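Source: prediction; values computed, not measured.
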Amino acid sequence: MIKIKGLSKVYSSEEGQVVALKNVNFEIKSGDIFGIIGPSGAGKSSFIRCLNLLEEPTEGQVIVNGQDLTKLNTKELRQARKKIGMIFQGFNLLQSRTVADNVAFPLELAGVSKSDIKNKVNELLDLVGLADKANNYPAQLSGGQQQRVGVARALANEPKLLLCDEATSSLDPETTDSILDLLKDINEKLGITIVLITHEMEVIKQICDRVAVLEKGYIIEEGETIQVFTDP
Ligand code: ADP
Ligand code: ADP
């Protein structure tokens with residue numbers, strides 16, 4: 001589903017250059033939950049943002065479903081991005097909109113009709129267990145509930161791929177577990193491929209089929225989670 005070839009990311013500014021990713025190569029199979037782990041500054045955030053071109057790779061190819069995203073024009077990229085959902089550490093919800101209106105937002109942008117939006121939003125809120133919070137505002141919800149809204153919103157355009165940027169890093173262990181269960185559910189029931197970045201080994205161990213270890217911009221190890229992290 002995803003092929004990364006010779007991916008490099010260099011940030012240039014007046015202070016000089018920062019090399020965040022160096023010649024990264026690997027593949028992610030359709031249906032997998034794939035984790036990227038590494039310490040702060042390893043390049044995880046740069047990597048996941050290159051997967052939907054929120055960050056433009058300096059070199060290399062990002063091939064998603066046979067399409068090299070780095071070769072697309074603006075319109076084609078907008079289309080391709082609809083099929084890639086993303087959730088964030090800070091949830092990134094619109095504070096002035098209700099839960100239902102946050103989930104509706106990507107559907108409005110896609111020009112979906114009002115009645116279809118209503119049905120889809122109800123279905124998504126059911127899926128994440130927040131049907132009773134539809135008319136609440138994000139500030140009235142717990143962190144875990146806000147991330148559930150994030151998940152519902154990310155799934156609105158029925159993506160094949162969900163990117164998770166430290167999605168549980170601001171949550172307590174119990175809430176983290178419940179969000180990881182939800183992600184596992186989505187992966188199994190809807191067949192959505194999930195790519196997540198984290199600095200927490202437990203997250204990888206709990207849900208990832210495969211893992212890549214990133215250090216200073218290099219992949220230093222990659223394989224099945226049980227093989228990469230065998231308990232002593
Ligand atoms: P991680 O997510 O693993 O903490 P990042 O991808 O955020 O790693 O950062 C990798 C390196 O790139 C770090 O040295 C960071 O300071 C640098 N970096 C990230 N974003 C930028 C940017 N927009 N401009 C300059 N340097 C950046
Ligand atoms: P997170 O850990 O939540 O992913 P980061 O601290 O890595 O967030 O980055 C937050 C934002 O700041 C990103 O847009 C990233 O590109 C940018 N950024 C990170 N490091 C640097 C840096 N050294 N210089 C400039 N921008 C940076």
Item to check | Distance (rounded to the nearest 0.5 Å) between Leu190 CG and Leu162 CG | outcome: 10.5 Å
Item to check | Gap between atom SG of Cys50 and atom CG of Leu21 - 0.5 Å precision | outcome: 6.0 Å
Item to check | Student check: side-chain heavy atoms of His199 and Pro39 closer than 4.5 Å | outcome: no
Item to check | Considering all heavy atoms, the nearest Ser170-Phe91 contact | outcome: OG-CZ, 3.8 Å
Next on the checklist: Between Val128 and Val149, is the side-chain contact (heavy atoms from CB on, under 4.5 Å) condition met? List the steps.
Outcome noted: CA-CA 8 Å; Val128 301; Val149 180; over 6 Å; no
Checklist entry - Has the side chain of Thr225 got a donor or acceptor atom that lies under 3.5 Å from a matching backbone atom of Asp209? => result yes
Checklist entry - Would a 4.5 Å heavy-atom cut-off, applied to side chains only, mark Leu141 and Leu93 as touching? => result no
Item to check | Check: Asn52 side chain, Arg81 main-chain N or O, donor-acceptor pair, under 3.5 Å | outcome: no
Checklist outcome for this item: Looking only at heavy atoms, the pair that brings Ala131 and Asp126 closest together is CB-OD1, 3.4 Å
Item to check | Close side-chain approach of Val64 to Leu51, heavy-atom, < 4.5 Å | outcome: no
Item to check | Donor-acceptor pair, side chain of Thr168 and main chain of Leu171, under 3.5 angstrom | outcome: no
Next on the checklist: Apply side-chain contact (heavy atoms from CB on, under 4.5 Å) to residues Ile37 and Phe229 and explain how you reach the verdict.
Outcome noted: CA-CA 12 Å; Ile37 190 167; Phe229 298 124; 4.0 Å; yes
Next on the checklist: What's the separation between atom CG in Leu214 and atom CD1 in Ile197, rounded to the nearest 0.5 Å?
Outcome noted: 9.0 Å
Checklist outcome for this item: CD of Gln17 to OG of Ser12, rounded to nearest 0.5 Å, is 4.0 Å
Next on the checklist: Ring centroids only, cut at 6.0 angstrom: are Phe47 and Phe34 within range, meaning strictly under it?
Outcome noted: no
Item to check | Cluster overlap Ile117 with Phe105, hydrophobic side-chain contacts below 4.5 Å | outcome: no
Item to check | Sole candidate of Ile48, Val195, Ile87, Asn92 that passes side-chain contact (heavy atoms from CB on, under 4.5 Å) when paired with Asp165 | outcome: Ile48
Item to check | Leu161/Lys83 under side-chain contact (heavy atoms from CB on, under 4.5 Å): CA gap, chis, key distance, verdict | outcome: CA-CA 7 Å; Leu161 173 63; Lys83 295 296 161 199; over 6 Å; no
Checklist entry - Would the number of heavy atoms belonging to other residues, nucleotides or ligands and lying under 6.0 Å from CD of Glu174 be above 12? => result no
Checklist entry - Hey, what do you get for CD1 (Ile36) to CG (Leu163), rounding to the nearest 0.5 Å? => result 9.0 Å
Item to check | Side chain to side chain, Lys71 and Gln61, heavy atoms closer than 4.5 Å | outcome: yes
Next on the checklist: For a side-chain contact (heavy atoms from CB on, under 4.5 Å) check, start with the C-alpha distance between Asn187 and Ile192, then their side-chain angles and the critical distance, and finish with the verdict.
Outcome noted: CA-CA 5 Å; Asn187 169 257; Ile192 293 176; 5.8 Å; no
Next on the checklist: For the CD atom on Glu56, are there more than 12 heavy atoms of other groups (residues, nucleotides or ligands in this structure) within a distance under 6.0 Å?
Outcome noted: no
Item to check | Residues, nucleotides or ligands: over 12 heavy atoms within 6.0 Å of Lys160 NZ | outcome: no
Checklist entry - Are any side-chain N or O atoms of Ser8 and backbone N or O atoms of Glu59, one a donor and one an acceptor, separated by less than 3.5 Å? => result no
Checklist outcome for this item: Scanning both residues in full, the closest heavy-atom pair of Leu125 with Ala134 reads CD1-CB, 3.8 Å
Next on the checklist: Whether the side chain of Asn157 engages the backbone of Pro159 through a donor-acceptor N/O pair (distance < 3.5 Å, no angle test) should be reported.
Outcome noted: no
Next on the checklist: Is it the case that the side chain of Lys44 and the backbone of Gly38 share a donor-acceptor pair, with hydrogens and angles ignored and the cut-off at 3.5 Å?
Outcome noted: yes
Checklist entry - Got a donor-acceptor contact below 3.5 angstrom from the Gln147 side chain to the Ala167 backbone? => result yes
Next on the checklist: A quick test of your reading: do over 12 heavy atoms of other residues, nucleotides or ligands sit less than 6.0 Å from NZ of Lys29?
Outcome noted: no
Next on the checklist: Measuring from atom CE of Met1 to atom OG1 of Thr193, what distance do you get when rounded to the nearest 0.5 angstrom?
Outcome noted: 4.0 Å
Item to check | Electrostatic pair Glu158-Lys120, nearest N-O below 4.0 angstrom | outcome: yes
Next on the checklist: Closer than 3.5 angstrom, by distance alone: can the side chain of Ser169 be matched with the main-chain N or O of Gln89 as a donor-acceptor pair?
Outcome noted: no
Item to check | OH (Tyr218) with more than 12 external heavy atoms under 6.0 Å | outcome: no
Checklist entry - Can you find a heavy atom in the side chain of Val228 that is under 4.5 Å from one in the side chain of Ile204? => result no
